[in-house]
Protein chains: 2
Amino acid sequence: MRVGSSIWNRPERGTRGPAPGHSRDAIVAAAVVLADAEGLAAVSMRAVAGALGTGAGSLYRYLSSRDDLLDLMTDAAMAEMRPYPDGDRPWPDAMLTVARRQLELYRRHRWLIDAATRPAAPGPNVLEYFDHCLRLLAPVDCPDAAKFEAIAMVTGVVTLFARSEGAYPLDGVDPVAHPHLAAALSRPSSAPRTDLFDRSVRSLLSGLLAPG
Amino acid sequence: MRVGSSIWNRPERGTRGPAPGHSRDAIVAAAVVLADAEGLAAVSMRAVAGALGTGAGSLYRYLSSRDDLLDLMTDAAMAEMRPYPDGDRPWPDAMLTVARRQLELYRRHRWLIDAATRPAAPGPNVLEYFDHCLRLLAPVDCPDAAKFEAIAMVTGVVTLFARSEGAYPLDGVDPVAHPHLAAALSRPSSAPRTDLFDRSVRSLLSGLLAPG
DNA sequence: CCTAATCTGCAAACGGTGTTCGCAGTTTAA
DNA sequence: TTAAACTGCGAACACCGTTTGCAGATTAGG
C-alpha cells in the first residue's frame, strides 16, 4: 500500500508524445455505463475498450490494472453524494440523511456494493465523504477514533441494507431439523417495519458515540 | 432459485458405476485448506483438483460449478459455530456470545467474509445458525420479521468488523481539501475502545428488538 | 450369465479473463 | 535535428470455469 504508486497521485500522462485519443474520465464513464446496465462482472477490459472503440491493451496506457479502474469508478460514483447537508440540524438527523443518500446511491449503482467493499485506497471523493461526516459529528463529545468507527459502521450498514434488497427469501425449511425457523416462517408476517433502516442507523450511532 | 436444483438436495452419486475415488467432503476439505492458506482467489478448480491428485474436469462429477463448491465450503465452515449457547442466560448476552463466536470464525477463515457475502441458497448449517438464534430470541416480544432482520443485521455487522480488521489506515490526507479529516488524523488517538464490537451488537439488538 | 445402461476418471479443447510485449508511427524536449 | 518519450494496436501468454469425448469399470434387469 505505497501511496506513491496509487492511482490517485499518478499523472494521467506525460508531456511528450501524441495527444491521447481517450482519457481516464471517458474510460471510467464507459465502465460505469456498462456496470449500471450489466453488473460489475460485465466490466471487462475488453468490453470497456470495445465501448470506446479500441482494444483492451490500449487501456493500460491510462490505467495500470482493472483494480485501478474499479477504484476510479468507486470514487466517481461517490461524487454523486454531493451536496452534503449543513451542520445546522441535530447531528443524528444529518447523519441519517447522509446514510439515506448513500443507500439511494447504492440502489442507483448496484455494482457499487461490490466495488466499494473491495479493499482499496480511498479516492478524493471518499475522503470528502469522511470529512463531511466528521464535520457533522463535530458537536459530539467523544474520541476521534470512535467517530471514525461510527462512520465506518454506518457506511457498512448501508451496504448491508443494499445487499439485502437483492436477497432471496427462505423456503422449504425442514420443521424437524429447524423448529424455530420453520415456526417463524409459518406464522403470518405482520405489518412490515418500514423504519428498519432508520432504527439501525440511529441505534448504532447512539451506541457508538455515547460520550466518553 | 429453484430449490430442486440446489446442491443441498442433489444426491452425491447414483447407484451404478464404479465407486468414486473422491467425495464432496474431501473436495470441500481440500478447498478449505487452500482458502485458509492462500485466500479464496486461490481456490480454483485446477488447484483444488491438483491438491487431490486429479484433474479439474473430474470435480464436475461431484459438483456442478465452482459456486456450488463455495456454497459447500461456507456451510462446512458454519458447522464450526457449534455448540450454541443455552437459552438460560439473558438473551442479549447469549446473542453476543454467538456474534463473538462468529467473529472468531471469520478470523480463522478470512475467506468466509467473501464466501458468505455472496448470494447463495443457505445450507443446513446456516439454517441451524438461524434456528438457534431464533431460539435465543424466543423470550423477546416482537414480530418474527423483526427478529429475522435483527439476526441478519448482527450477522452483517460481524462481517463488517471482520473486514475492517484487514483494512489499511488512512494516510497523507490534504489538510486543505479535507480539514476535519486531517485534524482528526493529526490528533493523537486516545486509548482504543476494546468494547466497540460489543457496543455495536448490543445497541443494534436493543434498537431493532424493542417491543412492538 | 449377459447385455445394456450408467457411472468414473482423464485429457483435450473452448471461450473467456487480465495483462504483457513488440512494433510502427507521432510528438516534443533538448 | 536528434533522441527520448509517448500513442495505438494486435498478437501472445497464462490463467480461469466449464464442456466434451472416450476408455474402462460397475451394476441392474432379464
Side-chain angles (χ1 to χ4, degrees), chain A residues 5-7 10-28 30-31 34-35 37-74 111 114-115 118-120, chain B residues 5-7 10-28 30-31 34-35 37-74 111 114-115 118-120:
Chain A
S5 67
S6 164
I7 183 82
R10 191 175 15 204
E12 176 150 4
R13 63 172 305 237
T15 63
R16 282 210 251 267
H22 310 279
S23 69
R24 273 189 198 163
D25 285 353
I27 295 173
V28 170
L34 215 61
E38 307 181 52
L40 202 57
V43 180
S44 70
M45 301 303 267
R46 284 171 174 84
V48 174
L52 269 62
T54 181
S58 301
L59 297 186
Y60 289 85
R61 297 282 176 204
Y62 305 87
L63 320 159
S64 62
S65 71
R66 183 179 184 262
D67 270 353
D68 268 8
L69 175 57
L70 265 44
D71 290 353
L72 290 169
M73 289 172 65
T74 302
W111 52 268
D114 292 318
R118 204 172 36 96
Chain B
S5 66
S6 163
I7 185 77
R10 192 173 16 206
E12 175 150 4
R13 61 172 305 232
T15 63
R16 281 211 251 267
H22 310 279
S23 70
R24 273 187 197 165
D25 285 352
I27 294 173
V28 170
L34 215 61
E38 306 180 52
L40 202 56
V43 180
S44 70
M45 302 303 266
R46 284 170 174 85
V48 174
L52 269 62
T54 180
S58 302
L59 297 187
Y60 289 85
R61 298 282 176 203
Y62 305 86
L63 321 159
S64 63
S65 70
R66 182 180 185 262
D67 270 351
D68 268 8
L69 176 58
L70 265 44
D71 290 352
L72 291 169
M73 290 172 65
T74 302
W111 52 268
D114 293 318
R118 206 172 34 97

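Fair warning: this is a prediction, and the values are worked out from it, not measured in the lab. Per chain, numbering begins at 1; letters A, B, ... match sequence-line order.
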Q) Which part of the nucleic acid does A:S58 contact within heavy-atom distance under 4.0 Å: base, sugar-phosphate only, or nothing? A) base
Q. Roughly how far, to the nearest 0.5 Å, is the CG atom of B:L59 from the CE atom of B:M45?
A. 5.0 Å
**Q.** Under 3.5 Å: donor-acceptor pair, side chain of B:R24, backbone of B:Y62
**A.** yes
(Q) OP1 or OP2 of C:dG9 versus the side-chain N and O atoms of B:Y62: is any pair under 4.0 Å? (A) yes
Q: Identify whether any heavy atom of A:R13 sits under 4.0 Å from a base atom; if not, whether one sits that close to sugar-phosphate; answer base, sugar-phosphate or nothing.
A: sugar-phosphate
**Q.** Flag, side chain of A:R66 to backbone of A:V43, donor-acceptor distance under 3.5 Å
**A.** yes
Q | Heavy-atom side-chain contact between A:S64 and A:R10 under 4.5 Å | A | yes
Q.
Whole angstroms only, please: what is the CD-P distance between B:E12 and C:dT6?
A. 20 Å
Q.
Heavy atoms only, 4.0 Å cut-off, all strands: where does A:R66 land among base, sugar-phosphate and nothing?
A. sugar-phosphate
Q | Atom pair distance, as rounded to whole Å: OH in B:Y60 and P in C:dA13 | A | 18 Å
Q. Atom CD of B:E38 and atom P of D:dC16: how far apart are they, to the nearest Å?
A. 11 Å
Q.
How many whole angstroms separate atom CG of A:L70 from atom P of C:dT17?
A. 15 Å
(Q) Please pick, from D:dT18, D:dG17, D:dG24, the nucleotide with the shortest atom-to-atom distance to any side-chain atom of B:P18. (A) D:dG24
Q: Please report, rounded to the nearest Å, how far the C1' atom of C:dT19 is from the CZ atom of A:R46.
A: 9 Å
Q: Look at A:T54 and D:dG8 and indicate whether a side-chain polar atom (N or O) is within less than 4.0 Å of OP1 or OP2.
A: no
Q: Mind calculating the distance between CG (A:L69) and C1' (C:dT19) to the nearest angstrom?
A: 14 Å
Q) Roughly how far, to the nearest 0.5 Å, is the OG1 atom of A:T74 from the CG atom of A:D67? A) 10.0 Å
Q) Contact class for B:V43 (heavy atom, under 4.0 Å): base, sugar-phosphate, or nothing? A) sugar-phosphate
Q: Using atom CZ of A:R61 as one end and atom C1' of D:dG8 as the other, report the distance to the nearest whole Å.
A: 7 Å
Q. CZ of B:R24 versus P of C:dT8: gap in Å, rounded?
A. 11 Å
Q: Hey, which sits more toward the 5' end of DNA chain D by its nearest nucleotide, B:A19 or A:T15?
A: A:T15
Q. B:R16 or B:H22: which one's nearest nucleotide on DNA chain C is closer to the 5' end?
A. B:R16
